[in-house]
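FYI, side chains are in, hydrogens and waters are out, and symmetry mates aren't considered; it's all heavy atoms of this structure. Sequence lines set the chain letters: A, B, ... in the order given, protein chains first and strands last, and positions in each chain run from 1.
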Protein chains: 2
Amino acid sequence: MKLSTKGRYGVMAMFDLALHYGQGPISLKSVAQRQGISEHYLEQLMGVLRKAGYVKSIRGAQGGYTLTRDPAQITVGEIVRIMEGPIAPVDCLLAASKNNEYCNRAQTCVTRGVWAKVRDSITAVVDSITLADLCKEDQIKE
Amino acid sequence: MKLSTKGRYGVMAMFDLALHYGQGPISLKSVAQRQGISEHYLEQLMGVLRKAGYVKSIRGAQGGYTLTRDPAQITVGEIVRIMEGPIAPVDCLLAASKNNEYCNRAQTCVTRGVWAKVRDSITAVVDSITLADLCKEDQIKE
DNA sequence: AAGAAAACCGATTGTTTTAGTCGGAATAGC
DNA sequence: GCTATTCCGACTAAAACAATCGGTTTTCTT
C-alpha cells in the first residue's frame with residue numbers, strides 16, 4: 001500500500017508550481033532543489049504531467065513550467081492518477097480487468113468488497129484536496 | 001497504491017479459515033484450491049500468520065490450520081499489517097523513520113498531511129471490518 | 001509397522017517495478 | 001554566441017514480488 005515516488009514527487013512538484021502560480025515559468029532546477037528531488041528524474045515526471053495537459057512548458061533560458069489551470073481546479077487525486085494510474089488497491093477492481101472468471105467466485109468477491117471500500121475512502125480524500133488547499137495550509141504554517 | 005498478494009492472499013486465506021471456524025483443522029491444500037492460490041506460496045504466508053499468533057497449525061495427516069480467535073475478534077486491518085507491515089502510503093509517516101531532516105521541510109509536511117489523511121481513511125475501513133463481517137456477507141450472497 | 005497426508009523450512013529464481021543516471025539534441029533569452 | 005533550460009531515449013542497479021523446488025518432520029490411518 002505504498003505510493004511510489006512518481007505520485008509523491010508529482011504532487012510535491014505540482015504543489016511547488018502552485019505556490020509560484022502567476023509568477024511566470026518556474027525552472028525544474030529550482031523545484032528540484034526546493035523539494036529535494038533529482039532534477040533529471042523530475043524531468044521525466046513533468047513530461048507525463050505535460051502530456052496530460054496539467055502543466056505548460058517554456059523552453060530555453062529563463063524557461064520552466066507553469067500550471068495550466070488555477071490551483072483550486074487541480075486535485076491531488078488527479079495528479080496521483082496521472083502519475084500512478086487508476087487508484088485501486090487490487091487489480092480486480094479495474095473495469096478493464098479480464099480476469100472475470102477469477103472474480104466471479106462468490107468468496108473472492110466478499111474480500112473484493114473490502115478493497116472497494118478502501119479504494120472509495122482513498123479517493124474521497126485525494127479528490128477533495130486541491131493544490132489551493134495545500135497552499136493555504138502552507139501559509140498558515142509560516 | 002497496490003496491495004501485494006501477501007496481503008490479499010492473507011485475507012483470503014483467513015476468511016476461508018473463518019468460514020470453517022469450529023470445524024477442526026483445515027488443510028492448506030483445500031484453502032489453496034478454493035481460493036485459487038499456489039499451495040506452496042500460501043504455505044509461506046501462513047508461516048507468518050502462525051508466528052504472529054493468528055493461526056494454530058496441526059501437523060501430520062488430517063492436520064491443517066485453525067484460527068486462534070473468534071472471527072469476530074480479527075479485523076482485516078490486523079491481517080494486512082501482519083502481511084505487509086504498517087499501513088502508510090509514504091515512509092515518512094512511520095514513527096521509526098530516520099529521514100527527519102527531510103520531513104522537517106515545512107513544504108514537504110504540507111503534502112505529508114495529505115498522506116496522513118489517506119492513511120487514516122484506509123485504517124478506518126480495514127480496522128472496522130472483521131472476518132465475521134465477511135462471513136455474514138458471504139451468507140447473504142448465497 | 002507402513003504409508004500417506006500434511007505442516008515446516010530454506011534456498012533459489014525469473015520477472016517486474018522502482019528510482020533513478022547518462023548523454024546529447026533542440027530551443028530561447030541575454 | 002553563450003548559457004540556461006526543456007526534451008528525448010536509452011540504459012541500469014537494486015529491490016520487491018511471486019512464486020517454485022526439494023527435502024524434512026510429524027501424525028493419522030490402516
Side-chain angles (χ1 to χ4, degrees), chain A residues 1-13 17 20 24-33 35-52 54-68 80 83-85 89-92 99 102, chain B residues 1-13 16-17 20 23-52 54-68 80 83-85 88-92 99 102:
Chain A
M1 294 294 283
K2 283 279 187 301
L3 206 68
S4 77
T5 53
K6 282 179 203 166
R8 200 152 54 86
Y9 291 177
V11 172
M12 283 165 81
L17 292 184
H20 300 91
I26 308 297
S27 76
L28 276 198
K29 192 176 183 176
S30 66
V31 174
Q33 271 171 2
Q35 305 296 331
I37 304 173
S38 150
E39 187 187 341
H40 252 81
Y41 186 41
L42 188 55
E43 218 169 54
Q44 288 178 36
L45 307 185
M46 294 310 285
V48 177
L49 260 350
R50 182 173 47 82
K51 280 164 196 158
Y54 279 78
V55 296
K56 193 175 58 181
S57 65
I58 291 103
R59 297 179 72 163
Q62 264 57 48
Y65 289 85
T66 55
L67 300 181
T68 55
V80 170
M83 301 311 295
E84 311 231 337
V90 300
D91 279 333
C92 70
N99 45 1
Y102 178 72
Chain B
M1 295 294 283
K2 284 277 186 302
L3 207 68
S4 77
T5 53
K6 282 178 202 165
R8 201 153 54 86
Y9 292 177
V11 172
M12 283 164 82
D16 194 293
L17 293 184
H20 300 91
Q23 303 175 15
I26 307 297
S27 76
L28 275 198
K29 192 176 183 175
S30 67
V31 174
Q33 271 171 4
R34 274 190 297 268
Q35 305 295 331
I37 303 173
S38 149
E39 186 186 343
H40 252 82
Y41 186 41
L42 188 55
E43 217 170 56
Q44 287 178 37
L45 307 185
M46 294 309 285
V48 177
L49 259 352
R50 180 172 49 81
K51 280 163 195 157
Y54 278 78
V55 295
K56 193 175 58 181
S57 65
I58 292 103
R59 297 180 71 161
Q62 264 57 49
Y65 289 85
T66 56
L67 299 181
T68 54
V80 170
M83 301 311 297
E84 312 231 335
V90 300
D91 279 334
C92 69
N99 46 1
Y102 177 73

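- Looking only at distances, no side-chain donor or acceptor of A:K56 sits under 3.5 Å from a matching main-chain atom of A:R50.
- Separation of atoms CD (B:Q44) and CG (B:L28) is listed at 11.5 Å; rounding is to 0.5 Å.
- Counting any heavy atom pair closer than 4.0 Å across all strands shown, A:G64 reaches sugar-phosphate atoms only and no base atom.
- The bend of the helix from C:dA1-D:dT30 to C:dC30-D:dG1, defined by the angle between the axes of its first five and last five pairs, stands at 10° to the nearest 10°.
- When rounded to the nearest whole Å, the span between CE of B:M1 and C1' of C:dT18 equals 16 Å.
- Side chain of B:T68 to backbone of B:Y54: a donor-acceptor contact under 3.5 angstrom is found.
- Among the nucleotides C:dA19, C:dA7, D:dT5, the one closest to the side chain of A:T5 is C:dA19.
- The closest side-chain heavy-atom distance from B:Q62 to B:P25 is not below 4.5 Å.
- When distances are taken from the side chain of A:K6 to each of C:dT18, D:dT5, C:dA7, the shortest belongs to C:dT18.
- Each of B:I26, B:I58, B:L17 was compared with B:Y65 under the side chain to side chain contact (heavy atoms under 4.5 Å, CB included) criterion, and only B:L17 meets it.
- You'll find that the side chain of B:Y41 is closest to D:dA18, out of D:dA18, C:dT18, D:dT6.
- Summarising the geometry, the separation between CG on A:L28 and C1' on D:dC7 is reported as 10 Å, rounded to the nearest angstrom.
- Residue order along DNA chain D, read from the 5' end via each residue's closest nucleotide, puts A:K29 first among A:K29 and A:R50.
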Completion exercise
The contact string for nucleotides 22-30 of chain C, one letter per nucleotide 5' to 3', using protein heavy atoms under 4.0 Å with B, S and - for base, sugar-phosphate only and none, comes out as BB--BBBS-
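- Side chains of A:V31 and A:I37 form no contact here, defined as non-hydrogen atoms less than 4.5 Å apart.
- Between the side chain of A:E84 and the backbone N or O of A:L3 there is no donor-acceptor pair closer than 3.5 Å.
- Here the nucleotide nearest the side chain of B:S27, chosen from C:dA7, D:dC17, C:dG20, is C:dA7.
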